[in-house]
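To keep things clear, I will list the structure first and then write my remarks on it.
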Amino acid sequence: MTMNKIEATTADAYKLIHDGVLALARAERQGIRIDLEYCEKKKHHLTRQINRLQKKIQDTKFYRRWEHIYGAKTNVYSNHQLSNLLYRHMKIEPMKTTVTGRGSTDEEALNRIDVPELKLILQMRKLSKVRDTYLDAFTREQHDGYIHPSFNLHTVRTFRSSSDRPNFQNIPIRDKESMRICRRALLPRPGHQLMEMDFSALEVHIAACYCKDPVLIHYLKDKNSDMHLDMAKQIFMFDELDRKIPIHAVLRQAAKNGFVFPQFYGDYYGNNSLYLSDWVKLPQEGRWKKGMGLLLPDGDYTSDHFINHGIKSFDDFTEHLKQVEDDFWNRRFKAYHKWRLNQVNQYRKKGYLKMFTGFTCSGTMRRNEIMNYPIQGSAFHCLLFTFIRLDEIMREEKWDSKLIGQIHDCIVVDAHPDEIDHVEETARKIIKEELPAKWKWIIIPLDISVDRYEVDSPWVIK
DNA sequence: GGAACTCGCCAC
DNA sequence: AAACGTGGCGAGTTCC
């Protein structure tokens with residue numbers, strides 16, 4: 001068989017890293033402006049809130065029981081102590097254990113225990129996370145009002161990037177309150193505005209480039225098709241769903257986060273079943289009774305709907321998802337499945353994996369790692385190339401706008417308002433023209449979505 | 001008193 | 001048979 005010469009070499013990979021390091025170093029030197037005064041004020045404010053919560057906890061019977069065991073060593077931040085208190089002294093059955101076999105005290109576990117004081121502990125954890133991991137890091141790492149996060153290209157097994165001091169790649173966004181508090185601290189330069197350019201579903205597009213699964217390609221190319229909605233129909237057994245209707249969109253979201261993505265990462269129906277039954281608020285033991293769970297599009301409760309379709313318990317639901325999974329890989333995405341099996345076989349034969357971008361993954365890998373590394377790495381390399389080219393053009397054309405960071409599939413720009421349209425156009429051109437010209441293996445058009453923040457306003461989503 | 005580990009939790 | 005990929009980081013704990 002003749003080699004289809006679309007794959008890059010190790011030398012190409014080296015060049016990408018070399019150019020990438022330089023481009024990222026320039027972004028590091030620019031830095032991100034922070035609102036120091038806000039950070040200090042907010043830290044004080046959070047400290048007062050945390051202290052109030054701590055006092056409230058210390059005023060309870062629960063705390064006195066804790067103190068009875070640990071005396072002067074009692075510490076409400078100690079999960080070790082909390083675990084002993086709940087699972088040894090109070091003899092509560094742990095819902096799950098940590099890797100070392102202790103009863104877990106994470107958010108999910110605490111939420112299942114009917115002790116009101118645990119809500120206060122969780123609230124304290126959330127506030128101290130924001131204060132200690134983010135605001136405190138910003139003020140500690142800042143110099144003249146700018147932080148300069150490092151972007152590393154030499155630390156990650158998949159040849160993705162990482163970021164540290166401070167980590168720019170894990171600033172809260174999902175939780176609205178944490179997002180507001182942390183991102184309020186990050187500002188554009190005076191007269192500028194922040195903008196983000198996100199690749200849309202980048203990893204899935206790259207996965208499709210690797211496996212060339214016609215069904216997956218169709219889902220990505222055809223705007224009228226919707227993979228997550230189709231999976232929601234199958235999982236929740238509806239003939240028709242419309243993503244524009246809120247409750248339908250909720251089921252779509254559940255299918256996406258509770259089935260499709262985990263499956264792509266190598267998860268299996270057993271975990272999907274736990275996640276999804278929890279999502280629709282149905283119990284994981286016993287027979288389901290009428291009137292349980294969320295209200296569904298057809299006006300029935302989830303349990304009624306499922307019972308009508310022959311699913312009468314959590315075990316039935318798990319069995320259903322087992323069939324959905326089987327259909328997912330052996331019918332719907334059978335070419336993707338075949339590619340995954342082939343990846344594993346190739347690795348077993350050769351002892352390493354080669355990415356389309358020229359990188360070699362070697363060392364011992366588990367099955368899921370084998371299937372994920374090339375996709376994750378190559379996806380990031382699309383971003384890195386775009387970042388390098390933007391940086392070059394920015395310097396050539398002497399933009400006042402500055403690249404300031406990158407979050408795996410998203411580029412963050414501190415943009416001058418007069419240039420912002422041009423920045424976006426330039427990025428689109430790179431992605432639509434240069435990238436597929438450089439890498440012929442990109443057989444599905446990539447796209448970006450752009451978010452613009454207001455002039456002189458922080459990085460807060462309305 | 002510091003290194004290494006555990007746990008939890010933030011992002012993609 | 002088993003079963004979710006990649007990171008960084010802070011606080012608590014344990015080890016030396």
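What you are looking at is a predicted structure, and each value in this text was computed from that prediction instead of being measured.
- Counting non-hydrogen atoms under 4.0 angstrom, A:Y373 reaches the backbone sugars and phosphates but no base.
- With C:dC4, B:dC10, B:dC12 as the candidates, the nucleotide lying closest to the side chain of A:D267 is C:dC4.
- Backbone-only contact: A:R157 has heavy atoms under 4.0 Å from sugar-phosphate atoms and none from a base.
- Between A:Y134 and B:dC10, a side-chain N or O to OP1/OP2 separation shorter than 4.0 Å is absent.
- Under the 3.5 Å distance criterion, with hydrogens and angles disregarded, no donor-acceptor pair is assigned to the side chains of A:S362 and A:T360.
- Between A:V76 and A:W66 the shortest heavy-atom distance is CA-CH2, 3.7 Å.
- End-to-end axis angle of the helix from B:dG1-C:dC16 to B:dC12-C:dG5, from C1' rotation axes over five pairs per end: 0° (rounded to 10 degrees).
- A donor N or O paired with an acceptor N or O is not found under 3.5 Å between the base of C:dG5 and the side-chain atoms of A:E369.
- The separation between A:L274 atom CG and C:dC4 atom P is 12 Å, rounded to whole Å.
- The nucleotide whose nearest atom lies closest to any side-chain atom of A:P172 is, among B:dC10, C:dG10, C:dC4, B:dC10.
- Within the nucleic acid shown, A:G266 comes within 4.0 Å of sugar-phosphate atoms alone, with no base atom in reach, counting heavy atoms only.
- Under 4.0 angstrom from either OP1 or OP2 of B:dC10 there lies no side-chain N or O belonging to A:S178.
- Counting non-hydrogen atoms under 4.0 angstrom, A:E203 reaches nothing in the nucleic acid.
- Each of A:E325 and A:Q376 was matched to the nucleotide of DNA chain C holding its nearest heavy atom; the match closer to the 5' end belongs to A:E325.
- Phosphate proximity of C:dT13 to A:S78: present, with a side-chain N or O under 4.0 Å from OP1 or OP2.
- Here A:R140 lies in heavy-atom contact (under 4.0 Å) with sugar-phosphate atoms only.
- Counting to the nearest Å, the P atom of B:dC9 and the CD1 atom of A:I121 are 12 Å from each other.
- Note on A:S104: only backbone sugar-phosphate atoms sit closer than 4.0 angstrom, heavy atoms only; bases stay farther off.
- When each of C:dG5, C:dG8, C:dC9 is scored by its nearest atom to the side-chain atoms of A:R165, the top-ranked nucleotide is C:dC9.
- In this structure, the nucleotide among C:dG7, C:dT14, C:dA11 sitting nearest to the side chain of A:S162 is C:dG7.
- When the C1' atom of C:dA2 is taken as reference, atom CE of A:M365 falls 19 Å away, rounded to whole Å.
- Here A:F159 and A:F380 keep their ring centres 6.0 angstrom or further from each other.
- Closest approach to the A:K129 side chain among C:dT6, B:dC12, C:dG8 is made by C:dG8 (side chain taken as heavy atoms from C-beta onward).
- Ring pair A:Y63/A:Y70: centre-to-centre distance not below 6.0 Å.
- When each of A:R131, A:K42, A:K43, A:K129 is paired with A:D136, the salt bridge (Lys or Arg N to Asp or Glu O under 4.0 Å) condition holds for A:K43 and for no other.
- Remark: P of B:dC10 and CD of A:E177 are 12 Å apart, rounded to the nearest angstrom.
- In this model, a side-chain donor or acceptor of A:R160 finds a partner on the base of C:dT6 within 3.5 Å.
- The side chain of A:D106 has B:dC9 as its nearest neighbour among B:dC9, C:dG8, C:dT13.
- Remark: P of C:dC9 and NZ of A:K126 are 23 Å apart, rounded to the nearest angstrom.
- Using cut-offs of 30° and 60° for the angle between ring planes, the A:W339 and A:Y336 rings count as tilted.
- Minimum atom distance to the side chain of A:N75 is reached by C:dG12, of the listed C:dG12, C:dG5, C:dG10.
- In this structure, A:Y265 places its OH atom 12 Å from P of C:dG7, rounding to the nearest Å.
- Aromatic ring centres of A:H381 and A:F385: separated by at least 6.0 Å.
- The shortest distance between the side-chain N/O atoms of A:R125 and the OP1/OP2 oxygens of C:dG12 is not below 4.0 Å.
- By the 4.0 Å N-to-carboxylate-O rule, A:K61 lies too far from A:E117 to be salt-bridged with it.
- Regarding contacts with the backbone of B:dG8, every side-chain N or O of A:N79 stays at 4.0 angstrom or more from both OP1 and OP2.
- The aromatic rings of A:W459 and A:F168 sit parallel, their planes meeting at an angle under 30°, below the 60° perpendicular limit.
- Residue A:S163 is in sugar-phosphate contact alone, with no base atom involved, counting any heavy-atom pair closer than 4.0 Å across all strands shown.
- Spacing between atom CD1 of A:I370 and atom P of C:dC4 amounts to 14 Å, rounded to whole angstrom units.
- Candidate nucleotides B:dA11, C:dG12, C:dG8 were compared by shortest atom distance to the side chain of A:I173, and B:dA11 ranks first.
- Residues A:H320 and A:M237 meet the side-chain proximity criterion, which asks for heavy atoms closer than 4.5 Å.
- Contact between the side-chain N/O atoms of A:T98 and the OP1/OP2 oxygens of B:dC7 is found at a separation under 4.0 Å.
- Nearest nucleotide to the side chain of A:Y268, out of C:dA3, B:dG8, C:dC4: C:dA3.
- For A:Q263 and C:dA3, the shortest distance from a side-chain N or O to OP1 or OP2 is not below 4.0 Å.
- We find that CG of A:L82 is positioned 11 Å from P of B:dC9, with the value rounded to whole Å.
- In the interface, the side chain of A:R102 is not paired with the base of B:dC7 through any donor and acceptor atom under 3.5 Å apart.
- The A:T133 side chain lies nearest to C:dG10 when the options are B:dC9, C:dG8, C:dG10.
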